[in-house]
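So the structure is just underneath, and the comments pick up after that.
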Amino acid sequence: MDLLELEENELKEIKQTLIADGTVFEKEKITEYDAKFCETVTLSNYAIKFFLFISLGLYAAINLSGLIASMIYRGNFSGDIIGILIGLAVICFIVSAIFSNINTNRKKEKFPIFIKGESFIFNFNDGVTETLNLFYSLPYESVQKIEFTIYGIKKKQLFGSVTFTFKVLDYTVNHSIRYTNLTAIKDNLKIRFPELLDKLIIDGNGNEKTKNKPKLKNHLISLAILAAAVSLIAVPRLLNFNSIALTVSGALLILTAIIVFLSCYINLLNQGIIISSVFIIIGFCVPLLIIEVSKTPIFDYIIRDPEILMPTIFGIIGLCLYVYILITIVNKVHYIIKKK
């Protein structure tokens with residue numbers, strides 16, 4: 001049973017027990033250690049933050065352009081323009097506040113794993129609050145398994161996420177690092193704890209094969225997405241309604257269905273690609289569909305109702321994340337090909 005599955009009062013009791021026997025200790029900052037065993041690689045986070053803030057700037061530029069065009073061609077400064085400006089400012093503030101929390105500073109790294117003697121040291125987590133001054137100190141014998149999920153290969157180095165599972169009393173404790181250098185971790189295991197290599201699971205297997213058994217759930221989800229995509233393309237044509245928005249939505253969902261179908265074979269989660277595609281459709285295709293139904297030229301509609309551009313924030317963020325996921329998939333396929 002995972003320690004975090006306990007009730008709050010039970011977890012507090014276990015926490016006090018662990019502090020009393022020294023398994024969990026309090027310290028402001030870890031300074032005495034033999035090695036920093038693994039830590040988050042922040043390059044991908046830089047990329048995410050860069051694209052998101054570029055997108056935010058693009059979103060502001062698109063909406064302001066629509067407002068300026070509306071003011072020039074309509075020749076008035078109505079109250080709805082002020083409302084749009086306020087809405088735009090609020091959206092930009094919220095998005096900035098959310099994504100500014102993406103860590104891109106190594107000095108602020110909170111969750112590495114340290115090695116001291118034959119023990120792993122890492123932050124205590126109760127699943128609710130970050131207790132950065134509390135640390136586990138667990139012997140290597142308590143390691144139950146180490147799971148690698150490979151995202152790609154760069155300069156002969158494997159990168160991806162890692163999850164360590166430890167046995168603490170009668171419970172398990174997990175510690176994950178989302179994006180790190182897996183080759184460095186494996187090399188450290190060979191040098192320091194070669195016996196733990198038998199507990200290494202790579203892409204769902206105890207060896208370096210990357211194929212998982214096909215998952216029926218993935219296939220059903222893929223089939224449902226494909227059915228929706230075909231409907232979006234075929235039904236309007238049967239009704240003699242030629243829609244660019246629906247065609248683009250259908251094409252995007254076909255690509256998403258293919259990715260979801262393949263994800264179980266390359267051991268990648270598919271939730272992100274599905275959410276991203278929905279965001280793209282909401283942000284770009286829905287406003288375009290509204291304009292198409294109105295039978296008004298796009299430019300004329302934007303001049304008349306510039307607020308139609310407000311939902312594009314969803315499309316821009318979704319597009320950035322979609323592209324990022326596609327890059328991850330390409331890197332993973334590259335790794336699989338290289339291994340063969």
Side-chain angles (χ1 to χ4, degrees), residues 35-48 51 102-104 106 109 111-113 115 120 122 143-166 172 174-215 217-219 221-222 255-256 258-276 320-340:
K36 185 178 284 189
F37 189 73
C38 61
E39 61 183 333
T40 300
V41 174
T42 58
L43 179 60
S44 66
N45 291 338
Y46 275 117
I48 292 174
F51 282 117
I102 296 175
N103 176 38
T104 56
R106 285 183 182 275
E109 177 57 53
F111 305 112
I113 293 182
I115 296 293
F120 291 88
F122 56 94
V143 175
Q144 300 295 296
K145 58 183 176 179
I146 305 171
E147 298 172 273
F148 284 179
T149 298
I150 298 171
Y151 295 159
I153 183 170
K154 298 177 184 177
K155 298 180 180 179
K156 298 182 179 181
Q157 300 287 303
L158 296 178
F159 290 87
S161 64
V162 59
T163 299
F164 288 78
T165 300
F166 298 87
T172 58
N174 294 314
H175 186 79
S176 299
I177 295 183
R178 190 182 61 81
Y179 195 85
T180 187
N181 188 325
L182 300 179
T183 299
I185 295 175
K186 191 172 182 180
D187 290 343
N188 283 331
L189 287 175
K190 289 179 180 178
I191 295 171
R192 292 179 172 273
F193 310 110
E195 55 272 36
L196 293 182
L197 290 175
D198 293 335
K199 299 182 179 181
L200 181 61
I201 299 172
I202 299 177
D203 276 345
N205 298 277
N207 51 48
E208 296 203 8
K209 294 179 181 179
T210 57
K211 288 186 178 180
N212 274 335
K213 293 181 179 179
K215 297 180 181 179
K217 182 180 178 180
N218 262 47
H219 294 174
I221 293 173
S222 176
L255 177 59
T256 302
I258 294 171
I259 292 172
V260 171
F261 180 82
L262 295 176
S263 63
C264 62
Y265 294 97
I266 60 176
N267 199 49
L268 286 177
L269 296 177
N270 55 47
Q271 290 91 335
I273 201 75
I274 295 173
I275 294 172
S276 299
C320 282
L321 296 177
Y322 202 96
V323 171
Y324 176 75
I325 293 169
L326 286 179
I327 292 172
T328 301
I329 291 171
V330 170
N331 288 337
K332 184 61 175 283
V333 172
H334 175 238
Y335 160 73
I336 294 173
I337 293 173
K338 292 279 285 186
K339 288 301 295 180
K340 290 183 177 180

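All heavy atoms count here, side chains included; hydrogens, waters and symmetry mates do not.
In this structure, Gln144 has no side chain to side chain donor-acceptor pair (under 3.5 Å) partners at least two apart in sequence or on a different chain. Under the rule for a side chain to side chain contact (heavy atoms under 4.5 Å, CB included), the partners of Thr183 that lie at least two apart in sequence or sit in another chain are Gln157, Leu158, Asn181, Asp187.
Here the closest heavy-atom approach between residue Val260 and residue Ile274 is recorded as CG2-CG1, 3.9 Å. The nearest pair of heavy atoms linking Val162 to Phe148 is CG2-CE2, 3.5 Å.
Rounded to the nearest 0.5 angstrom, Ile146 CD1 and Leu196 CG are separated by 5.0 Å. Atoms CG and CD, on Leu189 and Glu195 in that order, are 9.5 Å from each other to the nearest 0.5 Å. How far CG of Leu200 is from CD of Glu147: 9.5 Å, rounded to the nearest 0.5 Å. Ile275 contributes atom CD1, which lies 9.5 Å from atom CG of Leu321 (distance to the nearest 0.5 angstrom). Distance check, rounded to the nearest 0.5 Å: NZ of Lys332 to CD1 of Ile325 gives 14.0 Å. Here the CD1-CG distance, from Ile336 to Asp203, works out to 7.0 Å after rounding to the nearest 0.5 Å.
The aromatic rings of Phe193 and Phe120 sit tilted, their planes meeting at an angle between 30° and 60°.
Put simply, the side chain of Asn218 never gets that close to the backbone of Leu262: no donor and acceptor are under 3.5 Å apart. For the pair Asn174 (side chain) and Thr163 (backbone), a donor-acceptor distance under 3.5 Å is absent. Counting only distance, with no hydrogens or angles, the side chain of Ser276 and the backbone of Ile273 share no donor-acceptor pair below 3.5 Å.
In this structure the side chain of Phe122 never reaches within 4.5 angstrom of the side chain of Ile177, judged on heavy atoms. In this structure the side chain of Tyr151 never reaches within 4.5 angstrom of the side chain of Asn331, judged on heavy atoms. Inter-residue side-chain proximity for Ile202 and Leu182 is flagged as unmet; no heavy-atom pair is nearer than 4.5 Å. Residues Tyr322 and Ile259 are in side-chain contact: their nearest non-hydrogen atoms beyond the backbone lie under 4.5 Å apart.
Heavy atoms of other residues, nucleotides or ligands lying less than 6.0 angstrom from NZ of Lys199 number more than 12.
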